[in-house]
Amino acid sequence: MPELPEVETTLRGITPYVKGQKVVAVHIRQPKLRWPVPSELHELEGQVVDSLQRRAKYLLMHTLKGTVIIHLGMSGSLRICDHDTAPGKHDHVDIVLANSHLLRLQDPRRFGSVLWTQQINRHPLLCALGPEPLHEAFNARYLYEKSRSRKVTIKTFIMNAHVVVGVGNIYASESLFMAGINPKTIAGRLSMARYEKLVFAIKTVLSLAIEQGGTTLRDFVSAEGQTGYFQLALSVYGRTGKPCQQCQKPIRQITQGQRSTYYCTSCQT
DNA sequence: ATGCTAACCTGCGCGC
DNA sequence: TGCGCGCAGGTTAGCA
């Protein structure tokens, strides 16, 4: 599920319930996630969550003693529940708070992860990441320089977290459509002017999606447990064979790097 | 360094 | 109704 806007929406949803709260218990029902949930996660018990943060698609919960790193993978979601809410089949980890709430991770496919580190600044999953897409450091000059001599397609390039974080499969297609760029173009051959358009598109598309609370697809549920989010109008993603909203030609679906790509063969060159 | 592939899982919708 | 198949929002390890 979660693309960056959903992770950001989750962060904003859970923060009022979690920030400043003491953790009274941690329950690990299913430790077999993307990586095993470490038993050291119990060191969280008795700690106060001082602050919450998003980096790429990781949610970070900081305490004096260490940091919880949560990733939602493909199908994960976090919800605030009451202490007495019975866990379901895919509710793998609970972080029980002193305020009668608990933070519950549900993840049917178990591609997500819950980790614990005392050295957040040196964590291998985080320290090699590229810039945040909505920060100033992510700009056309940066992408242009970074792409010189790169032979992968532009779709694959912008989905590479070492290049820029947080551009997932939906918004990669949507951004390339907005920028009018064919997803099969080799990254190293795109002009500066086209990178200007692309960076603008990525920032715009992600900002809009965050504003609207994240695109709801399949099993995403907001932090408050709602499912009825307004669905951001998608121009190309999932619209195989349907008419392009600009030129009416059918949207084409191809596979790039084991992922589906959607684009308009006449609007995107 | 760069690029490509397999791998980790469950659930759902489709055609038969 | 049931079954098999293909597909799904992510990311890393490991290999050429």
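Computed over heavy atoms, backbone and side chain alike; hydrogens, waters and symmetry mates excluded. All chains are named by letter (A, B, ...) in the order of the sequence lines, taking the proteins before the strands, and each is independently numbered beginning at 1.
- At the heavy-atom level, A/Y58 lies under 4.0 Å from the strands shown only through sugar-phosphate atoms.
- Hydrophobic clustering, with ILVMFWY side chains joined whenever heavy atoms are under 4.5 angstrom apart, keeps A/V93 apart from A/L102.
- The CD1-C1' distance, from A/I170 to C/dG10, rounds to 12 Å in whole Å.
- Contacts of A/S260 with the nucleic acid, taken as non-hydrogen atoms under 4.0 Å apart, involve only primed sugar atoms and P, OP1 or OP2.
- Residue A/K151 is classed as a sugar-phosphate contact, given heavy-atom separations below 4.0 Å to backbone atoms only.
- Among the nucleotides B/dG11, C/dA8, B/dG3, the one closest to the side chain of A/V152 is B/dG3.
- With both ends at atom P, the span from C/dT11 to B/dA1 equals 22 Å, rounded to whole Å.
- On a pure distance criterion of 3.5 Å, a polar donor-acceptor pair joins the side chain of A/R109 and the base of B/dC9.
- A straight line from CG of A/N160 to C1' of B/dT2 spans 10 Å, rounded to a whole angstrom.
- Contact between the side-chain N/O atoms of A/R150 and the OP1/OP2 oxygens of B/dG3 is found at a separation under 4.0 Å.
- The A/Y237 side chain lies nearest to C/dA8 when the options are B/dT2, C/dT11, C/dA8.
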When you look at A/L126 and A/I120, which way does the side chain to side chain contact (heavy atoms under 4.5 Å, CB included) test go after all the steps? CA-CA 8 Å; A/L126 301 176; A/I120 189 63; 3.4 Å; yes
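- Within 4.0 Å (heavy atoms only), A/L33 reaches no atom of the nucleic acid at all.
- A/Q253 has its CD atom 6 Å from the P atom of C/dA8, to the nearest Å.
- A/W35 places its CH2 atom 13 Å from the P atom of B/dC9, with the value rounded to the nearest Å.
- Nearer the 5' end of DNA chain B, as judged by each residue's closest nucleotide, is the contact made by A/K146, out of A/K146 and A/H90.
- Donor-acceptor pairing under 3.5 Å is lacking for the side chains of A/Q106 and A/H92.
- Atom-to-atom, CD of A/Q258 to P of C/dT12 comes out at 14 Å; the value is rounded to the nearest Å.
- The residue A/R110 sits close only to the backbone: its heavy atoms come under 4.0 Å of sugar-phosphate atoms, none of a base.
- Residue A/H71 has no polar side-chain atom (N or O) positioned under 4.0 Å from OP1 or OP2 of C/dG10.
- Each of A/R252, A/K155, A/K184, A/Q253 was checked for a side chain to side chain donor-acceptor pair (under 3.5 Å) with A/T261, and the lone residue meeting it is A/K155.
- Atom C1' of nucleotide B/dT5 and atom CD of A/Q256 are separated by 16 Å, given to the nearest angstrom.
- OP1 or OP2 of C/dT11 has not a single side-chain nitrogen or oxygen of A/H162 nearer than 4.0 Å.
- Residues A/F177 and A/F200 are members of separate hydrophobic clusters, defined by side-chain heavy-atom contacts under 4.5 angstrom among Ile, Leu, Val, Met, Phe, Trp and Tyr.
- Contacts of A/R259 with the nucleic acid, taken as non-hydrogen atoms under 4.0 Å apart, include base atoms.
- Here the C1' atom of nucleotide C/dT11 and the CG atom of A/L129 are 11 Å apart, to the nearest Å.
- Between the OH atom of A/Y262 and the P atom of C/dA8 there is a distance of 5 Å, given to the nearest Å.
- Position along DNA chain B of the nearest nucleotide to A/R148 versus A/G257 favours A/R148 as the more 5'-ward residue.
- The stacking criteria are not both satisfied for A/F111 over the base of C/dT11, which would need a centre-to-centre distance under 5.5 angstrom and an angle between ring planes under 30 degrees.
- Pairing for B/dC4 is with C/dG14, a Watson-Crick or G-U wobble pair whose two hydrogen-bonding atom distances lie under 3.5 Å.
- Annotation: cation-pi pair A/R148/A/Y144 present, NZ/CZ under 6.0 Å from the ring centroid and within 45° of its normal.
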